[in-house]
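Note sheet for the following structure.
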Amino acid sequence: MILLPDDLRAILRANAMRHDAAMRDELAAPDFRPVLKLFNPMGAATWLATELDEDGDTLFGLADLGFGCPELGSFSLAEIASVRLPFGLAIERDCAFATAHPLSVWAAWARRSGSILGAQAMLWRLGPDADEAPAAPELPPS
């Protein structure tokens with residue numbers, strides 16, 4: 001399977017160029033919707049990408065390796081593609097992935113639930129009302 005087809009590559013590069021232009025003009029960073037979802041078919045690791053650097057390898061987005069702490073940052077497409085799993089499996093692209101929610105909403109819900117998969121379930125249940133970041137959980141009185 002091709003992890004990054006040309007049409008998605010073009011969208012991710014365009015997002016990166018718009019982000020760079022915003023930074024150059026000292027504008028607020030754009031909050032793009034993820035356009036690429038990669039996942040481990042045998043585990044919880046999941047990546048959502050919004051941008052692709054000029055090098056054609058460095059993606060930016062939300063990474064979740066399955067340890068309960070998804071984080072925003074950069075990750076290497078080549079490294080992800082090089083992962084070999086049992087039974088001849090490899091990291092896959094979710095061909096049906098589409099979202100109306102920007103990366104900031106995904107990040108907030110993923111942190112709240114502890115995973116991108118948990119965020120996906122919550123966003124699906126909440127629908128368009130999920131565009132607000134989740135409220136911080138209340139702490140018990142001390």
- Query: Same cluster for Ile116 and Leu72 if Ile/Leu/Val/Met/Phe/Trp/Tyr side chains link at under 4.5 Å?
  - Reply: yes
- Item | Closest contact, heavy atoms only, Pro5 versus Arg93 | CD-NE, 3.5 Å
- Task: Using the rule that two of Ile, Leu, Val, Met, Phe, Trp, Tyr join whenever any of their side-chain heavy atoms come within less than 4.5 Å, decide whether Leu77 and Val83 are in one cluster.
- Result: yes
- Does anything in residues 18-30 pair up under side chain to side chain donor-acceptor pair (under 3.5 Å), and if so which pairs, sequence neighbours excluded? Asn15-Arg18
- Task: With side-chain contact (heavy atoms from CB on, under 4.5 Å) as the test, would you mind laying out the steps for Leu59 and Leu36 before giving the verdict?
- Result: CA-CA 10 Å; Leu59 293 161; Leu36 173 68; 4.2 Å; yes
- Task: Quick one: closest heavy-atom pair of Gly118 and Ser113, and the distance?
- Result: C-OG, 3.4 Å
- Message: With a sphere of 6.0 Å drawn around CZ of Arg13, does it hold more than 12 non-hydrogen atoms of other residues, nucleotides or ligands?
- Response: yes
- Item | hydrophobic_cluster_shared for Phe32 and Phe75, side chain cutoff 4.5 Å | no
- Task: Working to the nearest 0.5 Å, report the span between CZ of Arg9 and CG of Leu3.
- Result: 10.0 Å
- Query: Could you give the distance from CG (Leu12) to CE (Met17), rounded to the nearest 0.5 Å?
  - Reply: 11.0 Å
- Note on the structure: All heavy atoms of Pro70 vs all of Ala110, minimum pair found to be CG-O, 3.5 Å
- Are Leu126 and Leu62 connected, step by step, through hydrophobic side chains (Ile, Leu, Val, Met, Phe, Trp, Tyr) whose heavy atoms are closer than 4.5 Å? yes
- Note on the structure: Cluster membership besides Trp124, Ile/Leu/Val/Met/Phe/Trp/Tyr side chains within less than 4.5 angstrom, sorted by chain and number, is none
Check: residues 47-54 side-chain donor-acceptor pairs under 3.5 Å, at least two apart:
| unit_1 | atom_1 | unit_2 | atom_2 | d |
| --- | --- | --- | --- | --- |
| Thr50 | OG1 | Phe60 | O | 3.4 |

- Indicate, with yes or no, if Trp106 and Leu8 share a hydrophobic cluster defined by side-chain heavy-atom contacts under 4.5 Å among Ile, Leu, Val, Met, Phe, Trp and Tyr. no
- Query: With no hydrogens and no angle check, is any side-chain donor or acceptor of Asp94 less than 3.5 Å from a backbone partner on Lys37?
  - Reply: no
- Query: Do we see a donor-acceptor contact under 3.5 Å between the side chains of Asp64 and Thr46?
  - Reply: no
- Task: Check the pair Trp109, Gln120 against side-chain contact (heavy atoms from CB on, under 4.5 Å), reporting the backbone distance first and the verdict last.
- Result: CA-CA 8 Å; Trp109 284 101; Gln120 184 171 343; over 6 Å; no
- Query: How close do Pro102 and Pro34 get, heavy atom to heavy atom, and via which atoms?
  - Reply: C-CD, 4.2 Å
- Closest approach of Asn40 to Met42 (non-hydrogen atoms, all atoms of both residues): OD1-N, 2.7 Å
